[in-house]
Amino acid sequence: GHLFATLNALERWLTMQIDRGENVAPVVARLFRETHSVGMLGVLINVAKHQPDLLKGPLLPLVSSPRLYYWDAFRVEHIGYTFQPSLWIRFGEEIYEFMRKWAFAPHRSRSLLDVVAKLVRTDTAFASHVREMAAQWEQPQAEKARLEHDILIAQLDSMNYLPDGSG
């Protein structure tokens with residue numbers, strides 16, 4: 001509980017800084033460089049989803065592993081399980097609503113894949129980097145995993161989208 005609350009608070013603080021126009025790049029770069037917790041990856045992925053341009057800078061390594069896309073997709077798909085109404089209702093309606101809104105915040109409800117796919121359609125340098133990274137990923141042996149892997153790579157390749165960015 002304490003670790004979860006701390007990571008949530010850190011994510012909330014970073015998103016509030018972004019919303020105020022503060023440059024959080026040095027902070028996220030330091031967190032990425034100096035922490036060794038998988039839990040921190042979730043915070044940094046959510047911060048990147050809130051401010052996608054960070055993926056072009058200090059959070060660029062987050063686009064380098066297919067596992068992060070799969071993990072985040074699972075988290076987004078199961079987002080409803082992260083909010084526990086019975087826990088928060090006892091603190092009153094105001095706290096309950098605050099926590100509900102935070103649990104289902106727009107940036108937490110979209111996937112890393114969607115965010116990166118949008119960036120590759122609008123930034124050719126970023127698209128090139130993502131394409132190079134994806135080309136280095138190890139091909140899974142199992143047929144289903146290999147197909148999912150190929151679909152992920154295709155979704156991250158800007159060449160597979162129409163020039164107007166519509167599809």
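Keep in mind that what you see is a predicted model, and the values were worked out from it rather than measured. The basis for the numbers below is simple: all heavy atoms, side chains too, and nothing from hydrogens, waters or symmetry mates.
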Handout entry: S37 side chain vs G39 backbone, donor-acceptor pair below 3.5 Å
Key = yes
Practice task
Return the set of residues passing side chain to side chain contact (heavy atoms under 4.5 Å, CB included) with D123 (not counting sequence neighbours), or none when no residue passes.
Solution key: K56, A125, F126
Practice task
Would you confirm whether R146, through its side chain, and Q141, through its main-chain N or O, come within 3.5 Å as a donor-acceptor pair?
Solution key: yes
Completion exercise
Applying side chain to side chain donor-acceptor pair (under 3.5 Å) to D19 and not counting sequence neighbours gives H50
Exercise for the section: Decide yes or no for L55 and V115: does some side-chain heavy atom of the first lie under 4.5 Å from some side-chain heavy atom of the second? Expected result: yes
Exercise for the section: Check whether any side-chain heavy atom of L31 lies under 4.5 Å from a side-chain heavy atom of L10, and answer yes or no. Expected result: yes
Practice task
Answer yes or no: are there more than 12 heavy-atom neighbours, outside E143 itself, under 6.0 Å from its atom CD?
Solution key: no
Exercise for the section: Supply the members, apart from M133, of the Ile/Leu/Val/Met/Phe/Trp/Tyr cluster built from side-chain contacts under 4.5 Å; use none for a lone residue. Expected result: none
Problem - Side-chain heavy-atom pair N160, Q155 within 4.5 angstrom cut-off - result: no
Problem - Qualifying salt bridge (Lys or Arg N to Asp or Glu O under 4.0 Å) pairs with a residue from residues 105-119, counting only residues at least two apart or across chains - result: E11-R108
Handout entry: Steps toward side-chain contact (heavy atoms from CB on, under 4.5 Å) verdict (L112, W71)
Key = CA-CA 9 Å; L112 179 62; W71 179 54; over 6 Å; no
Expected list for residues 59-67: side-chain donor-acceptor pairs under 3.5 angstrom, two or more places apart:
residue: S64; atom: OG; partner: P61; partner atom: O; Å: 2.5
residue: S65; atom: OG; partner: R67; partner atom: N; Å: 3.2

Practice task
Could you pull out all residues at least two apart from E148 that satisfy side chain to side chain donor-acceptor pair (under 3.5 Å)?
Solution key: K144
Problem - Residue list, side chain to side chain contact (heavy atoms under 4.5 Å, CB included) with A145, at least two apart or on another chain - result: P140, A142
Problem - Main-chain N/O of A105 paired to S109 side chain as donor or acceptor, under 3.5 Å - result: yes
Completion exercise
Apart from M159 itself, members of its ILVMFWY cluster (side-chain separation under 4.5 Å) are none
Problem - Residue list, side chain to side chain donor-acceptor pair (under 3.5 Å) with Q51, at least two apart or on another chain - result: none
Practice task
Mind checking the OG1-CG spacing from T15 to N46? Nearest 0.5 Å is all I need.
Solution key: 9.5 Å
Exercise for the section: With sequence neighbours left out, write down each residue that passes side chain to side chain contact (heavy atoms under 4.5 Å, CB included) with P58, or none if nothing qualifies. Expected result: A25, V28, A29, L54
Fill in the blank from the handout: Between K49 and S111, the two heavy atoms sitting closest are CD-C, 3.8 Å
Exercise for the section: With sequence neighbours excluded, give me every salt bridge (Lys or Arg N to Asp or Glu O under 4.0 Å) pair touching residues 32-46. Expected result: R30-E34
Practice task
List the steps, then state whether side-chain contact (heavy atoms from CB on, under 4.5 Å) holds for D72 with L113.
Solution key: CA-CA 8 Å; D72 181 66; L113 173 59; over 6 Å; no
Practice task
Report yes if some heavy atom in the side chain of L7 is under 4.5 Å from a heavy atom in the side chain of M40; otherwise report no.
Solution key: yes
Problem - Path from W137 to Y70 over hydrophobic side-chain contacts below 4.5 Å - result: yes
Problem - D157 side chain near V130 side chain, heavy-atom distance below 4.5 Å - result: no
Practice task
Begin with the C-alpha distance, continue with both residues' side-chain angles, and end with the deciding distance and a verdict on side-chain contact (heavy atoms from CB on, under 4.5 Å) for L162 and R121.
Solution key: CA-CA 9 Å; L162 297 174; R121 292 190 304 266; over 6 Å; no
Exercise for the section: Only counting residues at least two apart or in another chain, list the ones meeting side chain to side chain contact (heavy atoms under 4.5 Å, CB included) with Q17. Expected result: W13, R20, E22, V24
